[in-house]
**Q** 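Below is a structure I'd like to ask you about.
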Amino acid sequence: MIKSSTLRQSGFSLIEIMVVIVIIGLLIGIVAPNVIGRADEARVQKVQADFKAIQTALKMYRLDNFVYPTTEQGLQALVTRPSSAPVPRNWKSYLESLPMDPWGKPYLYVSPGESHDYDIYTLGADGISGGEGVNADIGVWDAALGGE
């Protein structure tokens with residue numbers, strides 16, 4: 001027979017559990033903002049890479065056809081031959097498919113642009129013109145993106 005004085009419960013006390021929860025909370029408070037900031041930076045880098053690929057395709061289109069696609073033809077002219085004027089004479093497939101912005105929306109294109117031959121841009125995470133931070137518009141005109 002086992003005596004009740006020799007039985008001992010094992011486990012964690014409430015204070016030990018609370019200390020662990022506080023430590024986990026502190027770690028999340030330090031790590032989470034850094035991880036979230038990196039995700040936003042990665043999205044901007046994707047936009048930069050997409051713009052470079054689209055700009056290269058647009059330059060090739062212009063070399064072959066002497067003009068950039070019109071606003072009405074849009075960036076789709078880099079994937080499928082436009083049927084609206086001016087119909088390109090020397091059209092080739094310049095991109096396999098059009099990339100989407102990091103927020104799942106198509107990039108916007110205007111030709112002629114406000115200060116360049118064309119503008120390519122995205123309206124950011126909120127999809128609304130203007131905004132700050134992740135909601136800011138990003139375009140080829142941004143100096144950080146090497147705009148022309």
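These numbers come from a predicted model, not from an experiment.
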**Q** Does a side-chain heavy-atom distance below 4.5 Å link Tyr109 with Pro69?
**A** yes
**Q** Just wondering, are more than 12 heavy atoms of other shown residues or ligands nearer than 6.0 Å to CD in Glu16?
**A** yes
**Q** What heavy-atom pair brings Tyr68 and Lys59 nearest, and what distance separates the two atoms?
**A** CE2-N, 4.4 Å
**Q** Can you list the residues that meet the side chain to side chain contact (heavy atoms under 4.5 Å, CB included) rule with Leu98, with sequence neighbours excluded?
**A** Leu75, Gln76, Val79, Leu95
**Q** Is there a continuous path of hydrophobic side-chain contacts, each under 4.5 Å between heavy atoms, that joins Leu63 to Leu78?
**A** yes
**Q** Between Phe51 and Tyr107, is a ring pair (Phe, Tyr, Trp, His ring centres under 6.0 Å) present by the stated rule, with each step listed?
**A** CA-CA 9 Å; Phe51 282 173; Tyr107 287 106; 5.4 Å; yes
**Q** For the hydrophobic clusters of this structure (ILVMFWY residues joined by side-chain heavy atoms under 4.5 Å, transitively), does one cluster hold both Ile54 and Met60?
**A** yes
**Q** Taking the hydrophobic residues Ile, Leu, Val, Met, Phe, Trp and Tyr, and joining any pair whose side-chain heavy atoms are under 4.5 Å apart, which ones share a cluster with Met18?
**A** Leu14
**Q** Is there side-chain contact between Gln73 and Tyr61, with heavy atoms separated by less than 4.5 Å?
**A** yes
**Q** Under the salt bridge (Lys or Arg N to Asp or Glu O under 4.0 Å) rule, what pairs show up with a residue in residues 75-91, not counting sequence neighbours?
**A** none
**Q** Is there side-chain contact between Ile120 and Leu108, with at least one heavy-atom pair below 4.5 Å?
**A** no
**Q** Please list, chain by chain and in numerical order, all residues satisfying side chain to side chain contact (heavy atoms under 4.5 Å, CB included) with Glu72, sequence neighbours excluded.
**A** Thr70
**Q** Is there a path of hydrophobic side-chain contacts, each under 4.5 Å between heavy atoms of I, L, V, M, F, W or Y residues, that connects Val19 with Ile21?
**A** no
**Q** My understanding is that a hydrophobic cluster links ILVMFWY residues whose side chain heavy atoms are under 4.5 Å apart, including indirect links. Using that, what else belongs to the cluster containing Val67?
**A** none
**Q** According to side chain to side chain contact (heavy atoms under 4.5 Å, CB included), who are the partners of Gln45, at least two apart in sequence or on a separate chain?
**A** Gln48
**Q** Quick one: do Val110 and Tyr118 satisfy side chain to side chain contact (heavy atoms under 4.5 Å, CB included)? Show the steps, please.
**A** CA-CA 6 Å; Val110 177; Tyr118 58 82; over 6 Å; no
**Q** Sub-3.5 Å donor-acceptor pair from the side chain of Asn65 to the main-chain atoms of Asn90, do we have one?
**A** yes
**Q** Without swapping roles, check the side chain of Ser111 against the backbone of Asp117 for a donor-acceptor pair under 3.5 Å.
**A** yes
**Q** Lys105: which residues meet the side chain to side chain donor-acceptor pair (under 3.5 Å) condition with it, sequence neighbours left out?
**A** none
**Q** Sequence neighbours excluded, which residues qualify as salt bridge (Lys or Arg N to Asp or Glu O under 4.0 Å) partners of Asp119?
**A** none
**Q** Mind listing the side-chain donor-acceptor pairs of residues 131-139 below 3.5 Å, one per line with the distance, residues two or more places apart or on another chain?
**A**
| unit_1 | atom_1 | unit_2 | atom_2 | d |
| --- | --- | --- | --- | --- |
| Asn135 | OD1 | Asp126 | N | 3.3 |
| Asp137 | OD1 | Gly130 | N | 3.2 |
| Asp137 | OD2 | Gly130 | N | 2.9 |

**Q** My understanding is that only residues two or more places apart in sequence, or in another chain, count here; which of them pass side chain to side chain contact (heavy atoms under 4.5 Å, CB included) with Ser93?
**A** Trp91
**Q** Looking only at non-hydrogen atoms, find the nearest pair between Ala125 and Trp103 and report the distance.
**A** CB-NE1, 3.4 Å
**Q** State, yes or no, whether a side-chain contact exists between Pro82 and Val87 at a heavy-atom distance under 4.5 Å.
**A** no
**Q** Is Val20 isolated, or which residues cluster with it under the ILVMFWY side-chain rule of less than 4.5 Å, directly or via members?
**A** Ile24, Ile28
**Q** For Lys46, which residues count as a salt bridge (Lys or Arg N to Asp or Glu O under 4.0 Å) partner, sequence neighbours excluded?
**A** Asp50
